[in-house]
Amino acid sequence: MRSSCRIEAVRVDGIDQLGEQVLGAVHRLPRPTVLLWAERGLMDEPQGLYDEQRLAAAQLDPHLVRPERVPGVNHYTILVGDEGAHLVARRLLTEAGLA
């Protein structure tokens, strides 16, 4: 089995996702927020996109962004897995004052 995606298209799309406007958005949030991050990666590998060191390097304003690791989830299951989706839904309801 192999992907039917064209590598050139993947590269172009990936570059758009890492542009300055996207990367800088976290520094322009209008109010304090929680950044929920998955501990495991896209293909369930032990290293996810974020970890404590990478978040520290991002120099997030601690008064504006509070990172919170979501244990036991990966890139996908933080939103579509039972445990991750429940946690995210509870956090959204809490933030909206509906919990």
Side-chain angles (χ1 to χ4, degrees):
M1 293 178 60
R2 68 175 189 215
S3 174
S4 63
C5 295
R6 295 187 53 169
I7 190 65
E8 297 84 16
V10 172
R11 286 185 179 133
V12 168
D13 188 50
I15 288 169
D16 287 345
Q17 296 303 311
L18 297 175
E20 182 58 38
Q21 189 171 10
V22 171
L23 292 174
V26 72
H27 298 287
R28 297 186 304 274
L29 292 168
R31 55 176 251 156
T33 191
V34 175
L35 170 64
L36 299 174
W37 57 276
E39 72 176 352
R40 297 194 317 259
L42 189 68
M43 301 301 292
D44 211 32
E45 61 270 41
Q47 175 63 56
L49 177 61
Y50 301 113
D51 60 24
E52 287 84 2
Q53 294 79 21
R54 290 176 178 168
L55 290 165
Q59 298 178 335
L60 302 173
D61 179 344
H63 302 300
L64 191 59
V65 181
R66 193 177 82 241
E68 182 179 312
R69 179 179 62 89
V70 179
V73 299
N74 67 30
H75 176 83
Y76 297 107
T77 60
I78 193 170
L79 292 176
V80 298
D82 288 341
E83 188 175 327
H86 285 129
L87 181 133
V88 171
R90 281 192 309 271
R91 295 305 301 266
L92 288 170
L93 290 170
T94 298
E95 292 296 319
L98 301 171

Inter-residue atom distance L49.CG - N74.CG, 0.5 Å rounding: 12.5 Å
So if you build clusters from Ile, Leu, Val, Met, Phe, Trp, Tyr with side-chain heavy-atom gaps below 4.5 Å, do V34 and L29 land together? no
Would you mind listing every side chain to side chain donor-acceptor pair (under 3.5 Å) that reaches into residues 49-59, with sequence neighbours excluded? Q47-D51
Residues that, via side-chain heavy atoms closer than 4.5 angstrom, fall in one hydrophobic cluster with L93: L98
Could you give all pairs that pass the salt bridge (Lys or Arg N to Asp or Glu O under 4.0 Å) test and reach residues 81-92, with sequence neighbours left out? E68-R91
Under a 4.5 Å cut-off applied to non-hydrogen side-chain atoms, are V26 and L35 in contact? no
Report yes or no: do V73 and W37 belong to one cluster of Ile/Leu/Val/Met/Phe/Trp/Tyr joined by side chain heavy-atom distances under 4.5 Å? no
dist R66:CZ -> D61:CG (nearest 0.5 Å) comes out at 13.5 Å
With sequence neighbours excluded, residues passing side-chain contact (heavy atoms from CB on, under 4.5 Å) with L79: V88
Please collect all salt bridge (Lys or Arg N to Asp or Glu O under 4.0 Å) contacts where either partner lies in residues 23-45, sequence neighbours excluded, each pair once. R31-E95, E39-R69, R40-D44
